[in-house]
Protein chains: 2
Amino acid sequence: MARSTNARRPATLASLAAELGVSRTTVSNAYNRPDQLSPELRKRVLDTARRLGYPGPDPVARSLRTRRAGAVGLLLTENLSYAFRDPGALSFLEGLALACEDAGHGLLLVPANPEREDVASVHSAGVDGFVVYSVPEDDPHLAAVLERPVPSVVCDQPSIPDVDRVGVDDRAAITAMAKHLLDLGHRRVGISCMRLARARNDGPASLQRQANASFHVQKARLTALAEVFSDAGIDWSTVPVVERFDHSQESGASAAAQILDTDPEVTAIVCTSDILALGALDEAERRGVKVPDDLTITGFDGIPDAERAGLTTIRQPILEKGRAAGRLLLDTAERGRPREIRLETQLIEGTTAGPPRSSEERWFGP
Amino acid sequence: MARSTNARRPATLASLAAELGVSRTTVSNAYNRPDQLSPELRKRVLDTARRLGYPGPDPVARSLRTRRAGAVGLLLTENLSYAFRDPGALSFLEGLALACEDAGHGLLLVPANPEREDVASVHSAGVDGFVVYSVPEDDPHLAAVLERPVPSVVCDQPSIPDVDRVGVDDRAAITAMAKHLLDLGHRRVGISCMRLARARNDGPASLQRQANASFHVQKARLTALAEVFSDAGIDWSTVPVVERFDHSQESGASAAAQILDTDPEVTAIVCTSDILALGALDEAERRGVKVPDDLTITGFDGIPDAERAGLTTIRQPILEKGRAAGRLLLDTAERGRPREIRLETQLIEGTTAGPPRSSEERWFGP
DNA sequence: TTGAAAGCGCTAACAG
DNA sequence: CTGTTAGCGCTTTCAA
């Protein structure tokens, strides 16, 4: 009777060895060290394996023995499927996948539903290390990862003792943007930002919420904005900072709407991501507000759609981030001292930022 | 001295048990069956674990014992990073990720560089099963997957004995499209298709190459087109069929150019994917050829960009395909008899198909 | 070139 | 509620 290719555990290395009348070592060598036995014997082993339906050494047993899994785990803040919709996450994934592929490693996407506290998936991930991308500082999944006795690399996260890190200087990057706006003459600004904490909030982010933000990147950007604008004599507590939990263009649009409704005198909306900024552009168009004549809108990331739209933004090498994270994790040589890779950002002067219209112009202009 | 969180194998279940003076079972239960021991004892175990830096049961050892890995492997035809750029692959991934997430399983992207024959990554994947998405029939990675003693589900692949399958009726779908074009009056058509085999070919696909195509989906579509057009009295051997290896809009544009250069009397270009069709639209615009007045262009897939462009195409539920594949694999209950899921497609009448201009009109028209 | 012995770290009967 | 007993399937010194 023909054996189905999907039969259950048809044979093991030991049973094969027994059948052949050789030792397990020999069979193992036939697969892992072809040079350690005669070609004839090897052929005999492999042939018999085929005949018995032996599928080759079990990867899990081998992993247990060798202490290597041949895979890298990725922990994201969002539902897995989100990763395939967000352009930023996607670029990161692409870069990481590139690095894994180069090393012949698999990439395991670890389900880490932010709504649930269940970290079993982290505990059961058979991987040689983790890459953690932009999860909140207090996420239990992150804690679970750090407890695992494998190396990890964090990206867009605050630095953690003994853990490698990849990121950009968010603070410097957005400071440049803020100064750019100040130079243009803006004094009344609004901020549209991504989620600041695990608890959902769609609306104004209080000063306290800003201070307690558990998403490192967002917090760094807000803090820097607060500092620059305060230094310029603007009372930060009067600046509308509107937060959105979902990262989508619709969110960006509604956040912009909320800012404009709250403070119609705002001349510029600084968004902490391109997606939010693109949404803000949508909203401006809907309202017949001309950009940049009536309103300046800026983003952050430099995703392709932003470039296409001529958005004034900060470009950061997201794909490179992913690749760097993967390399850091897989480069066993340099391990030991904790390392940090900081990539460069660049202010892109698009067509969505310009000098503010003076109030007179705005109220009584042509 | 403080113990680094990244220390190497600080302790094992056995050493913990020894330290506590209890049996290994008890420690194991503390983690896996909290109801099997007193809360106090459990607390004592967990506390001691923390003190000793025991990170919880090793996932690999557990997998070996339980014969479950908690992950699904995905085999794609392309470099991993491609998966994050192709809209179709992306939707599929999203659906698959959704299914995995629901089941609390991880998703392991298995590197399967099509240029290399190295299948070690398949052999070393610690997974409970594989999903195989659109790889050529003769791909060694596919063969390696089928040898593994775990279930698999193939998608957009020919059916394989004892292997579950998800797909659409490509034949019927594209037949509907072909008939639509015939009804509109087209008699001179050109075909732009994706890669047909592992060996690169950018140019006309001979009849023989069409017949030997190892990408199931492309072959099914071509075969159906050949049949319908032949039945309508068109000599298929005179129909330009142009193949492109890379799946990109640029490829689509150059394929369209090649078709138009080969046979300027073509009134319709049937593309076997939306990406190719979008590229064809680009080329038409470049040449100042009006669509659909001067040229009809059709696609296949129904990706968002196609919808946006008003492309006349076949919509297939790609995300659902991924989800169905995942569910099939993870649904251990119904396993046994091989199953097949066939999803529905729909002809979308966009704005890129219309009746052909008669030759007179074309040559001497307004 | 081959074999024997010794686990990798864990879970699952089954008995107490 | 807890312990004893048996492996899961493999790789790897070390000797022969």
Side-chain angles (χ1 to χ4, degrees), chain A residues 7-45 49 52-70 120 123-128 147-150, chain B residues 7-45 48-49 52-70 120 123-128 148-150:
Chain A
R8 273 245 149 273
R9 271 289 104 207
T12 71
L13 185 144
S15 70
L16 219 198
E19 171 84 16
L20 282 158
V22 303
S23 81
R24 304 208 288 279
T25 308
T26 301
V27 178
S28 176
N29 282 338
Y31 285 95
N32 303 318
R33 306 165 156 198
D35 53 321
Q36 294 296 296
L37 71 178
S38 65
E40 308 84 57
L41 179 54
R42 180 168 136 89
K43 180 170 184 324
R44 196 155 74 82
V45 171
L52 260 53
Y54 175 64
D58 179 285
V60 175
R62 168 187 278 159
S63 276
L64 175 57
R65 188 59 236 242
T66 61
R67 310 268 60 196
R68 263 177 284 111
H123 286 142
S124 69
V127 296
D128 297 319
E147 271 168 10
R148 291 273 311 259
V150 293
Chain B
R8 274 242 151 274
R9 273 284 108 205
T12 71
L13 185 143
S15 70
L16 219 198
E19 170 84 15
L20 280 159
V22 302
S23 83
R24 302 208 291 276
T25 308
T26 302
V27 178
S28 177
N29 283 339
Y31 285 95
N32 302 318
R33 308 167 155 196
D35 53 321
Q36 294 296 294
L37 73 178
S38 68
E40 307 83 60
L41 179 54
R42 181 168 134 90
K43 181 171 184 323
R44 194 156 74 84
V45 171
T48 310
L52 260 54
Y54 176 64
D58 179 284
V60 174
R62 168 189 277 158
S63 274
L64 175 59
R65 187 60 237 240
T66 61
R67 312 268 58 194
R68 264 176 284 110
H123 285 143
S124 69
V127 296
D128 297 319
R148 292 275 308 261
V150 292

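In what follows, chains carry the letters A, B, and so on, assigned in the order in which the sequence lines appear, proteins first and then strands, with residues in each chain numbered from 1.
- Following rounding to the nearest Å, A/D35 (CG) and C/dT1 (P) show an atom-to-atom distance of 9 Å.
- In this structure, B/V22 reaches the sugar-phosphate backbone alone: every heavy-atom distance under 4.0 Å involves primed, P, OP1 or OP2 atoms, never a base.
- Take A/S23 and apply the side-chain hydrogen bond (donor to acceptor under 3.5 Å, both in side chains) test, not counting sequence neighbours, and it matches A/T26.
- Partners of A/S28 under the side-chain hydrogen bond (donor to acceptor under 3.5 Å, both in side chains) rule, at least two apart in sequence or in another chain, are A/N32.
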With the sugar-phosphate defined as primed atoms, P, OP1 and OP2, and the base as all remaining atoms, what B/S/- string results for nucleotides 11-16 of chain D, 5' to 3', for protein heavy atoms under 4.0 Å? BB----
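- Between the CG atom of B/L41 and the C1' atom of D/dG3 there is a distance of 12 Å, rounded to whole Å.
- If you check every strand for non-hydrogen atoms under 4.0 Å, A/S38 touches sugar and phosphate atoms only.
- Within the structure, every pair that satisfies the salt bridge (charged side-chain N to carboxylate O under 4.0 Å, His left out) test and touches residues 14-33 of chain B, not counting sequence neighbours, is listed here: B/E19-B/R51.
- With B/D58 as the partner, the side-chain hydrogen bond (donor to acceptor under 3.5 Å, both in side chains) test is satisfied by one option alone out of A/R67, A/R148, A/H123: A/R67.
- Remark: A/T12 is not in phosphate contact with D/dG9, judged by side-chain N or O atoms under 4.0 Å from OP1 or OP2.
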List, one per line, each side-chain donor-acceptor pair under 3.5 Å for residues 36-44 of chain A, sequence neighbours excluded.
unit_1 : atom_1 : unit_2 : atom_2 : d
A/S38  : OG     : A/L41  : N      : 3.2
A/R42  : NH1    : A/A30  : O      : 2.2
A/K43  : NZ     : A/D47  : OD2    : 2.7

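- Following rounding to the nearest Å, B/L37 (CG) and C/dA12 (P) show an atom-to-atom distance of 15 Å.
- Here B/R67 reaches the OP1 or OP2 of D/dG9: one of its side-chain N or O atoms lies under 4.0 Å away.
- Residues A/V60 and B/V60 are in side-chain contact: their nearest non-hydrogen atoms beyond the backbone lie under 4.5 Å apart.
- In this structure, the CG atom of A/L64 is 4 Å from the C1' atom of C/dC8, given to the nearest Å.
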